[in-house]
Amino acid sequence: MQTVWPPLLRMLHWVLALGVIGAFATHEASRAWRGLTVHEWLGYVALGAAALRVLLGFTGRSPWPFKAFVRSVPVTVAYARDVLAHREGRYLGHNPLGAWMVVALLANALVCALSGWLYTTDRFWGVAWVGTLHDLTGHLLVPLLALHLAGVVFTSIRHRENLVAAMLHGRKPILPPTVD
């Protein structure tokens with residue numbers, strides 16, 4: 001077994017996941033606590049986790065940097081073709097499609113949380129486009145999360161490894177063929 005994801009990365013993943021899911025689940029009817037609704041508290045938790053992950057993606061050392069695992073578009077398209085042809089390589093970290101899903105989920109979470117925060121400010125309270133952006137990105141999380149989970153299940157089955165367990169304990173078996 002090889003350690004792939006350190007504890008802080010895994011913790012940010014699960015805090016972000018629970019924050020986003022919790023904020024979505026409480027977006028309609030949420031009680032206030034200390035001046036903020038549960039939805040807002042959870043949104044700020046998700047914002048903090050996503051912002052820290054992005055910061056570490058640009059400033060951290062391996063395995064944090066995006067440049068260490070986000071592949072170019074041509075490489076990602078070639079990988080997608082290989083998946084369809086049942087000949088894709090196994091990656092210890094994120095495969096090219098999974099890496100772009102990380103980027104999409106982080107970007108969406110940041111835009112959603114920031115637009116939600118903007119909507120609470122005096123300047124943007126009631127501004128239609130801010131509310132629309134927040135609603136759109138909040139609801140876009142559902143298909144993104146569904147695709148993310150489908151990719152995790154698909155890859156776990158295809159490569160005969162439990163990616164959910166790997167995201168809990170941080171280790172993956174070293175089995176050929178391995179790309180990275």
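Bear in mind that the values here come from a model prediction, so they are computed numbers and not experimental data. Positions are given from 1 along the sequence.
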Pairing residues for Thr137 by the side-chain hydrogen bond (donor to acceptor under 3.5 Å, both in side chains) criterion, not counting sequence neighbours =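 Checked Thr137 against side-chain hydrogen bond (donor to acceptor under 3.5 Å, both in side chains); zero matches.
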Take Lys172 and Leu163, measure what side chain to side chain contact (heavy atoms under 4.5 Å, CB included) needs, and give me the verdict at the end.
-> CA-CA 8 Å; Lys172 287 178 71 176; Leu163 291 179; 3.8 Å; yes
Of all the heavy-atom pairs spanning [X] and [Y], show the shortest one and how long it is.
{"X": "Pro173", "Y": "Leu92", "value": "O-CD2, 3.8 Å"}
{"X": "Ala109", "Y": "Leu16", "value": "CB-CD1, 4.2 Å"}
{"X": "Gly43", "Y": "Ala23", "value": "N-CB, 4.0 Å"}
{"X": "Gly60", "Y": "Pro65", "value": "O-CG, 3.1 Å"}
{"X": "Tyr44", "Y": "Thr120", "value": "OH-OG1, 3.9 Å"}

Can you measure from [atom1] ([X]) to [atom2] ([Y]) and round to the nearest 0.5 angstrom?
{"X": "Ser156", "Y": "Leu149", "atom1": "OG", "atom2": "CG", "result": "10.5 Å"}
{"X": "Leu141", "Y": "His148", "atom1": "CG", "atom2": "NE2", "result": "11.5 Å"}
{"X": "His169", "Y": "Arg10", "atom1": "NE2", "atom2": "CZ", "result": "8.5 Å"}
{"X": "Thr155", "Y": "Glu88", "atom1": "OG1", "atom2": "CD", "result": "7.5 Å"}

same_hphob_cluster([X], [Y]) at 4.5 Å side-chain heavy-atom cutoff:
{"X": "Leu114", "Y": "Leu140", "answer": "yes"}
{"X": "Val127", "Y": "Trp117", "answer": "yes"}
{"X": "Leu147", "Y": "Leu106", "answer": "yes"}
{"X": "Phe58", "Y": "Leu47", "answer": "yes"}
{"X": "Leu168", "Y": "Leu12", "answer": "yes"}

Listed by chain and number, what are the ring-ring contact (aromatic ring centres under 6.0 Å, His included) partners of Tyr79, not counting sequence neighbours?
->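 If we apply the ring-ring contact (aromatic ring centres under 6.0 Å, His included) test to Tyr79, skipping adjacent residues, the hits are Tyr91.
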Have a look at Tyr119 and tell me which of Trp125, Trp129, Phe124 forms a ring-ring contact (aromatic ring centres under 6.0 Å, His included) with it.
->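 Of the listed options, the one satisfying the test is Trp125.
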Using modelled atom types only, decide if a donor and an acceptor are shared between the side chain of [X] and the backbone of [Y] within a distance under 3.5 Å.
{"X": "Trp14", "Y": "Met167", "value": "yes"}
{"X": "His134", "Y": "Gly116", "value": "yes"}
{"X": "His159", "Y": "Glu161", "value": "no"}
{"X": "Thr121", "Y": "Leu118", "value": "yes"}

Check: Trp5 ring centroid to His94 ring centroid under 6.0 Å |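 Aromatic pair counts; centres sit under 6.0 Å.
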Distance flag, aromatic centroids of Phe24 and His39, threshold under 6.0 Å =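 Ring-ring flag for His39/Phe24: false, centres at least 6.0 Å apart.
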Will you find, in the side chains of Thr76 and Trp100, an N or O donor that is under 3.5 Å from an N or O acceptor?
->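 Yes, a side-chain donor-acceptor pair sits under 3.5 Å.
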Between Arg158 and His86, a side-chain donor and acceptor under 3.5 Å |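 Result is yes, a qualifying pair exists.
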For Arg53, the option from Leu9, Val15, Leu110 that meets side-chain contact (heavy atoms from CB on, under 4.5 Å) |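 That would be Leu9; it is the only one of Leu9, Val15, Leu110 passing the side-chain contact (heavy atoms from CB on, under 4.5 Å) with Arg53.
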Check step by step if side chain to side chain contact (heavy atoms under 4.5 Å, CB included) holds for Arg171 and Val4.
-> CA-CA 5 Å; Arg171 296 178 311 277; Val4 179; over 6 Å; no
May I have the step-by-step check of side chain to side chain contact (heavy atoms under 4.5 Å, CB included) for Leu145 and Ile21, ending in yes or no?
-> CA-CA 9 Å; Leu145 288 174; Ile21 292 167; 4.2 Å; yes
Of all residues at least two apart in sequence or in a different chain, which pass the side chain to side chain contact (heavy atoms under 4.5 Å, CB included) check with Arg87?
->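 Per chain and number, Arg87 pairs via side chain to side chain contact (heavy atoms under 4.5 Å, CB included) with Asp82, Ala85.
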For side chain to side chain contact (heavy atoms under 4.5 Å, CB included), just list the numbers for His27 and Glu40, CA-CA rounded to whole Å, side-chain angles, deciding distance to a tenth of an Å, and then say yes or no.
-> CA-CA 8 Å; His27 77 280; Glu40 290 169 319; over 6 Å; no
Side chain to side chain, Trp41 and Thr26, heavy atoms closer than 4.5 Å =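 Trp41 vs Thr26: side chains apart.
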How about Trp64: does its CH2 atom have over 12 heavy atoms from other parts shown lying under 6.0 Å from it?
->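 Count over threshold, so yes.
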